[in-house]
Protein chains: 2
Amino acid sequence: MKEGPDIARLAALIGDPARANILTALMSGKALTASELAFEAGVTAQTASSHLAKLADGGLVAMRKSGRHKYFTLANDAVAATLESLMGLAAGSGHLRTRTGPKDAAMRQARVCYNHLAGERGVQMYQAMQAKGFLRHSDDALELTELGVAFVSDLGINLAELPAGKAPLCRDCLDWSARQSHLAGKLGRALLSHFIQHGWAKRQENSRVITFTPKGAQQFDAQFSAPQHHP
Amino acid sequence: MKEGPDIARLAALIGDPARANILTALMSGKALTASELAFEAGVTAQTASSHLAKLADGGLVAMRKSGRHKYFTLANDAVAATLESLMGLAAGSGHLRTRTGPKDAAMRQARVCYNHLAGERGVQMYQAMQAKGFLRHSDDALELTELGVAFVSDLGINLAELPAGKAPLCRDCLDWSARQSHLAGKLGRALLSHFIQHGWAKRQENSRVITFTPKGAQQFDAQFSAPQHHP
DNA sequence: CACATGCTTCGCTCATGATCGAAGTATGAA
DNA sequence: TTCATACTTCGATCATGAGCGAAGCATGTG
């Protein structure tokens with residue numbers, strides 16, 4: 001009678017309304033913080049924390065710490081496939097909807113992530129710097145190459161002036177709107193400061209939104225031309 | 001935040017141990033009575049009755065009255081596919097329900113997945129049919145090519161005789177033991193029937209295990225030679 | 001008919017776990 | 001440092017529903 005894997009344990013995990021809401025929100029493919037997921041699920045942060053721990057323990061979601069945030073994603077696409085299968089059953093071959101999008105188009109474009117640039121612009125910068133060989137992953141760390149050192153110096157950033165301390169120079173930061181990494185760390189902070197000091201972009205009051213001036217956007221694109229996909 | 005199909009309700013339905021046992025038992029494809037299912041689930045008849053009512057109400061099982069008996073089956077193969085998908089996740093996350101008995105090895109080799117062939121043999125067949133160009137993915141659907149039509153006709157299966165209806169001819173079903181797809185749908189069902197009718201394989205009593213005869217295995221391998229991996 | 005069998009309904013007990021307030025920890029900002 | 005934010009842990013409350021005994025239908029058999 002008891003053949004095969006323990007399906008009940010897993011299904012019960014998905015079967016709680018709050019957890020199902022969390023998983024449904026994560027089906028968008030974006031990485032979301034614990035607070036955002038608490039809001040999505042309609043529960044308090046404490047409750048969501050408990051649920052997220054259970055989901056992680058059950059292997060349904062993966063977690064990544066970033067500063068004081070915790071970003072959650074679905075653990076892998078097998079989980080997503082199973083969820084979609086369940087949605088299909090629940091709706092009778094129904095179709096999936098796209099959950100609550102990011103609040104603001106401007107936020108998606110460019111915003112402050114604590115102290116560095118995030119959003120599409122941030123991702124663009126990160127990818128361009130990798131494509132040009134300025135950034136390199138080694139083990140779990142992100143390094144600025146010699147080429148990269150020259151590049152930021154040319155920009156006018158003095159690496160020696162950056163504050164010393166345990167904080168890493170370069171770091172990945174997961175972007176909530178683009179679901180891709182962008183550049184954090186002391187260098188990320190320095191770059192954003194640079195853009196603002198040189199009038200490329202401005203911070204909006206009472207918001208995380210960053211607005212690029214036309215001229216600034218041009219200069220930004222010149223430095224960080226988006227990687228071309230096949231011709 | 002309440003959007004899309006109600007996945008929680010459905011998952012909670014599957015998430016009860018007794019109901020999960022019932023559904024797992026029905027994965028054998030056999031129609032079982034309420035009492036038999038009560039025994040499989042390890043609960044009393046009253047409790048099983050309540051569970052079965054809920055499962056039927058939730059559209060997971062179908063019921064047919066016959067005299068003073070009630071025969072239950074899974075509602076359709078979409079349900080079976082979802083359950084198999086859940087088993088795959090559960091097996092992956094390590095929470096196997098212990099007791100890897102002798103039955104387990106046989107189950108991995110070949111078993112019934114509701115009404116079609118699963119396990120290593122099922123995966124072998126699926127991959128061979130893809131490698132030989134009998135099956136092809138298009139968009140999200142799985143199609144039988146013209147070559148494939150000829151192949152199954154040669155086997156002695158009359159596609160025109162298959163029951164009409166909205167059920168798909170070919171469908172992916174994720175194998176929980178092999179973690180790869182095998183063939184479900186009306187064709188998958190027809191193929192398994194064919195193997196059994198022609199004495200290639202036999203179903204074991206009270207189990208999902210399928211045993212191939214030596215001769216049957218030979219014929220099976222001849223038709224579905226496993227794709228060779230280059231050294 | 002009486003009687004047995006298969007299943008269902010009722011009513012009750014009881015364990016599980018979802019929830020949130022309050023307090024605690026970690027990290028970043030000023 | 002002091003404050004703010006993000007998340008976690010603890011403790012207590014409370015609703016849900018699984019489980020079963022007992023009784024009630026329904027449908028067979030002798």
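Below, read A as the first sequence line, B as the second, and so on, with proteins coming before strands; counting in each chain starts at 1.
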- When the distance from CG of A/L13 to C1' of C/dA18 is rounded to whole Å, what number comes out? 13 Å
- Message: Would you say that A/Q109 contacts A/F212 through its side chain, given a criterion of any heavy-atom pair below 4.5 Å between the two side chains?
- Response: no
- Query: Phosphate oxygens OP1/OP2 of C/dT5: is one of them under 4.0 Å from a side-chain N or O of B/H69?
  - Reply: no
- Query: Whole-Å distance between C/dT9 P and B/D57 CG?
  - Reply: 12 Å
- Item | Distance-minimising heavy-atom pair for B/I7 and A/A20 | CG2-CB, 4.0 Å
- Message: To the nearest 0.5 Å, what is the distance between CG on B/L26 and CG on B/L52?
- Response: 8.0 Å
- Message: Less than 4.0 angstrom between a side-chain N/O of A/K54 and OP1 or OP2 of C/dA18, yes or no?
- Response: yes
- Message: From C-beta outward on B/V43, which listed nucleotide comes closest to its side chain: D/dA18, D/dT8, D/dG19?
- Response: D/dG19
- Check the distance between C/dG6's P and B/L52's CG and give it to me in whole angstrom. 15 Å
- Item | Closest listed nucleotide, where the reference is the side chain of B/S49 and the choices are D/dT8, C/dT9, D/dA18 | C/dT9
- Rounding to a whole Å, what distance do you find between B/N21:CG and D/dA18:C1'? 14 Å
- Just wondering, are more than 12 heavy atoms of other shown residues or ligands nearer than 6.0 Å to CZ in B/R189? no
- May I have the distance from A/R19 (atom CZ) to C/dT16 (atom P), rounded to whole angstrom? 15 Å
- Item | Given C/dT9, C/dT19, D/dG28, the nucleotide with the shortest approach to the side chain of B/R68 | D/dG28
- Message: Between A/F151 and A/F224, is the ring-ring contact (aromatic ring centres under 6.0 Å, His included) condition met? List the steps.
- Response: CA-CA 11 Å; A/F151 171 75; A/F224 308 104; 5.7 Å; yes
- Query: Using a cut-off of 4.0 Å on non-hydrogen atoms, how would the nucleic acid contact of A/A18 be classed: base, sugar-phosphate, or nothing?
  - Reply: sugar-phosphate
- Query: Tell me: CG of B/D16 to P of D/dG17, nearest whole Å?
  - Reply: 11 Å
- Is a donor-acceptor pair below 3.5 Å formed from side chain B/Q46 to base D/dG19, judging by atom type as modelled? no
- Base, sugar-phosphate, or nothing: which does B/S50 touch, judged by heavy atoms less than 4.0 Å apart? nothing
- For D/dG19, does OP1 or OP2 lie under 4.0 Å from any side-chain N or O of B/T47? no
- Message: What is the distance, to the nearest angstrom, from the CG atom on A/L55 to the P atom on D/dT8?
- Response: 12 Å
- Task: Please tell me which of B/F72 and A/K65 maps to the more 5' nucleotide of DNA chain C, matching each residue to the nucleotide holding its nearest heavy atom.
- Result: B/F72
- Message: Less than 4.0 angstrom between a side-chain N/O of B/T44 and OP1 or OP2 of D/dC20, yes or no?
- Response: yes
- Query: To the nearest angstrom, how far is B/K70 atom NZ from C/dT8 atom P?
  - Reply: 4 Å
